[in-house]
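Taking it in order: structure first as C-alpha cells, then the write-up.
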Protein chains: 2
Amino acid sequence: MTSPAPLPPLKRSTLGDDVYSSLRSAVLEHTLPPGDRVNIDALARELDVSPTPVREALARLESEGLVRKRPLAGYTVSPLLTRAEFADMFDMRLLLECAAARWAASRATEAQRAELVTESARIIAPGDDRAWHAEFTALDAHLHDLVAQAATSPLLRDSINRLHAHLHLHRRYFPYSQTAVTNEEHRAIAAAVQAGDPDTAESAMRLHLTRARERHLVAFDE
Amino acid sequence: MTSPAPLPPLKRSTLGDDVYSSLRSAVLEHTLPPGDRVNIDALARELDVSPTPVREALARLESEGLVRKRPLAGYTVSPLLTRAEFADMFDMRLLLECAAARWAASRATEAQRAELVTESARIIAPGDDRAWHAEFTALDAHLHDLVAQAATSPLLRDSINRLHAHLHLHRRYFPYSQTAVTNEEHRAIAAAVQAGDPDTAESAMRLHLTRARERHLVAFDE
DNA sequence: CCAGGAAAGATCCTATAGGATCTACGAAGC
DNA sequence: GCTTCGTAGATCCTATAGGATCTTTCCTGG
C-alpha cells in the first residue's frame, strides 16, 4: 500500500535555475530598471557565477516576456507597458480571471475556499511608505493566485500568472492608494466563491477588475 | 515625412535561435517522440553545433512546456496530454478563441477579413496518407491563427499559440478524418467575421470547438 | 559647428574542457 | 531467486577562452 504523495517533491536545483529566480525577482522589483540593457558579464560577476547559466536564465525570462533579446546585441529589460498594452492586459485579465472566479466557485475544495476567505480578510496595516505598498501588492497578487489555483485548471493558472508578472512590473511605478475599496472587492469575490455561486463570483471579479482598471489608467494621464 | 514601417524588420539570428526553431519543429513533428529523453550532446553533434546553444534552446522550450527538465538528469520531451489535460486545454480554447472570434469580428481590418475568407475556402485535396493529413492540420492551425491575429490583441494571440503547440502535439498521434464538416465550420466563422457580427462569430467558434472536442476525445476511448 | 567615418573598447556568442552527478550493469549477500 | 551494494560509463553542468559583432569615442572634412 503506497501513499499518494506524502513526500515533498524534492527540490534540487541547478545554478541556472537559481540565477533565473534571482533575475526574475530583480526584474519584478525593478532592481533591474525597465528598458535598461542587461550586461551579462556584469551580472555574472555580481552573482559570482559564469556567464553560461546567466545566459540560460535570460533565455527563459525572454520566453516570459520579462526581457527582450536583440541578436548579437544583448538583452534589455522589457519596457513598461504603453497605455494600449496596458488596456490589452486588462482585457485579458477580464477574460481569464472572470472565468477563474466562475470555475473556482464551482470546483474549489473546501480548504481552498476557506483559505481564500481567510486571506481576503487580512488587513495590511495602512501606511504610506514603500514597504507597506509592496506588502499590499503582494497580498493582492496572492489573492488572485488563490482564485486562479482554486479554478483547478493548470493552463488557466499559468496564463494568469504570466499576466500578473507584467502587472506587477507596472504597479511598482504607479502605486495607487484606494486600498480600502480594493479590500472590500476582494472579500466580495471570496464570499461568492465560498458560497459556491459562479454567477456572483464572476460578476464580483468583473466589477473588481473594471474598477481596478480605472484606478490604474489614471497613471497614464500625466 | 517618414514612412511607418516600409522595411522588413531585419531578421538576424544567433545559433541558439536556429537551434530553437529546429528543435521546436522536431518536437511538434514527433521527430523527437513524446516522453523520450533528450541527449544534449547527441543533438549538438546532429546539428553540428556545440552543446551550449542547444542548452539555451532547451531552456526556452521548457518555458513553453514542450520539454521538461529534471535538474542534473537532463531534459525529456513532454509526454502526450492525458484525458484530463486535454479537456482542460479545450476549456481554455473555448475561453480564448471564442473571445478572439468576437474581437476579430469587431476589430479586424478589411485585409484580415478578406484573407480569412479566402483561406477558409481553400480545400485540401482529400486523401488518406500522412502528408495530406499534415497539410490539413497546418491549414487548420493557420486559420485559427488568422482569427487570433485579427483579434488585435498580442497577449491573446500569444496565449492561443501556446495552446496550439500542445494541440498539434496531440493531433499527430490521433488523426481524425471528418474534414468536410470541419471546413464547413471554418467557413461559418470566417463569414461571421467578414460580416462584422461578433455574436455570430463567437457562437460559430463555440460550435466549432465543441464539435472538435468531441471528434478528438474519442481517441482516448481505446 | 555639424556630419561622416574609422578605430578602440566593450560586449556578445560559441566552442571546448573538466568536475560533478546520474544511470546501468554486474557481483555479493540473504 | 531476489534484493542490495559498488563500480564503470555516460551525461549533465559550469567555467574559461577566443573569434565575431556591436557601441562609443575621437578625428577629419565640410
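Computed from a predicted structure; not experimentally measured. A, B, ... follow the sequence lines: proteins, then strands. Residue 1 opens every chain.
Running 5' to 3' along DNA chain D, contacts with non-hydrogen atoms of chain A at under 4.0 Å begin and end at D:dC13 to D:dT23.
Using a 30° and 60° split on the angle between ring planes, A:His144 and A:His208 fall in the parallel class, below 30°.
Annotation: side chain of B:Val147 is in contact with side chain of B:Met205 (closest heavy-atom distance under 4.5 Å). Residues A:Pro53 and A:Thr14 form no side-chain contact, since every pair of their non-hydrogen atoms from C-beta on lies 4.5 Å or further apart.
Cation-pi check for A:Arg93 over A:Phe90 is met; the charged atom lies under 6.0 angstrom from the ring centroid and within 45 degrees of its normal.
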Q. Would A:Glu214 and A:Arg211 satisfy salt bridge (Lys or Arg N to Asp or Glu O under 4.0 Å), going step by step from the backbone distance to the final call?
A. CA-CA 5 Å; A:Glu214 290 168 7; A:Arg211 287 183 178 169; over 6 Å; no
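Counting only distance, with no hydrogens or angles, the side chain of A:Arg107 and the backbone of A:Ala151 share a donor-acceptor pair below 3.5 Å. A donor-acceptor contact shorter than 3.5 Å is absent between the side chain of A:Ser63 and the backbone of A:Ala59.
Of the two residues near DNA chain C, A:Arg12 and B:Leu15, the one whose nearest nucleotide lies more 5' is B:Leu15.
Residues of residues 63-79 of chain B having a heavy atom closer than 4.0 Å to DNA chain C, listed by number: B:Arg70, B:Leu72, B:Ala73. Applying a 4.0 Å cut-off to non-hydrogen atoms, the residues of residues 32-39 of chain A that approach DNA chain C are A:Val38, A:Asn39, listed by residue number.
Among the atoms of the strands shown, base atoms are found under 4.0 Å from some heavy atom of A:Thr52.
Annotation for B:Glu46: atom CD does not count as buried by contact number, only 12 or fewer foreign heavy atoms lying within 6.0 Å.
Note: A:His168 NE2 to A:Thr137 OG1 = 6.0 Å, rounded to the nearest 0.5 Å.
A donor and an acceptor atom, one from each side chain of A:His170 and A:Glu85, are nowhere located under 3.5 Å apart.
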